[in-house]
Amino acid sequence: MSLKERANQLITDIPAIFLCLKSRDTPLAAKILAGITVVYALSPVDLIPDFIPVLGYLDDVILLPVLIALTVKLIPQKLFQQFKKEAKGMWENGKVKYWYYAIPIVAIWLLILWFFVKAIIF
């Protein structure tokens, strides 16, 4: 599968995961991982900022596909295929970004900063 085909697959997989997150038929473990995946995918803030050379883009190239793959494995295949069909045209105008999806990522960075400051001062 080429890089372009994989990118197109992500465009339909993430909305399908979002739809599975809302479904009652999705197992709890899959819902938790789906929530993490959707929040990370739609967050305007990355765990590793893009301005850091090489590492900034590795999270988008490695972390997001790994999260998606793990989430898809936890969702029943028949259910995921159903939602994948429903998600086909959801992102025709590009990826949706909402500021509140950045809250968990910002909270992680604040926690890291707090530990760092605590280690230096105390």
Side-chain angles (χ1 to χ4, degrees):
M1 185 180 291
S2 73
L3 188 59
K4 188 174 182 176
E5 290 170 342
R6 287 183 186 179
N8 286 334
Q9 183 179 359
L10 289 178
I11 291 173
T12 58
D13 282 355
I14 295 170
I17 290 171
F18 177 72
L19 292 173
C20 287
L21 179 63
K22 297 166 114 183
S23 173
R24 291 182 181 193
D25 298 331
T26 306
L28 181 62
K31 281 188 178 193
I32 292 169
L33 194 56
I36 293 168
T37 303
V38 168
V39 165
Y40 188 76
L42 297 180
S43 174
V45 178
D46 287 340
L47 191 58
I48 303 171
D50 289 340
F51 65 82
I52 298 174
V54 181
L55 291 177
Y57 292 105
L58 280 180
D59 66 336
D60 293 331
V61 173
I62 295 173
L63 185 62
L64 189 58
V66 167
L67 282 172
I68 291 171
L70 288 173
T71 304
V72 169
K73 284 189 179 206
L74 292 176
I75 299 169
Q77 198 61 27
K78 186 176 179 181
L79 183 67
F80 185 70
Q81 292 303 322
Q82 171 191 345
F83 286 120
K84 197 169 181 177
K85 288 177 187 174
E86 287 182 32
K88 281 269 187 217
M90 285 181 72
W91 282 6
E92 288 178 350
N93 296 330
K95 185 168 93 170
V96 180
K97 291 185 181 181
Y98 296 105
W99 66 271
Y100 48 84
Y101 285 115
I103 293 172
I105 305 301
V106 171
I108 290 170
W109 275 109
L110 289 174
L111 186 65
I112 291 170
L113 182 64
W114 181 74
F115 282 129
F116 184 70
V117 169
K118 186 178 175 183
I120 290 175
I121 293 176
F122 302 107

> By salt bridge (Lys or Arg N to Asp or Glu O under 4.0 Å), which residues pair with Lys84, not counting sequence neighbours?
Replying inline: Asp13

> What distance separates Leu70 CG from Ile75 CD1, expressed to the nearest 0.5 Å?
Replying inline: 11.0 Å

>> Ala34: which residues meet the side chain to side chain contact (heavy atoms under 4.5 Å, CB included) condition with it, sequence neighbours left out?
In response: Ile17, Leu21, Thr71

> What distance do Phe80 atom CZ and Cys20 atom SG have between them, rounded to the nearest 0.5 Å?
Replying inline: 6.0 Å

> Got a sec, which pairs hit salt bridge (charged side-chain N to carboxylate O under 4.0 Å, His left out) with one end in residues 17-34, sequence neighbours left out?
Replying inline: none

> Can you name the residues that form a side chain to side chain contact (heavy atoms under 4.5 Å, CB included) with Ile62, not counting sequence neighbours?
Replying inline: Leu58, Val66

>> Going by side chain to side chain contact (heavy atoms under 4.5 Å, CB included), name the residues that satisfy it together with Pro27, two or more places apart in sequence or in a different chain.
In response: Ala30, Pro76

> Mind checking what makes side chain to side chain contact (heavy atoms under 4.5 Å, CB included) contact with Leu111, not counting sequence neighbours?
Replying inline: Trp114, Phe115

>> Nearest 0.5 Å, please: how far is CD1 in Ile68 from CD1 in Ile14?
In response: 4.0 Å

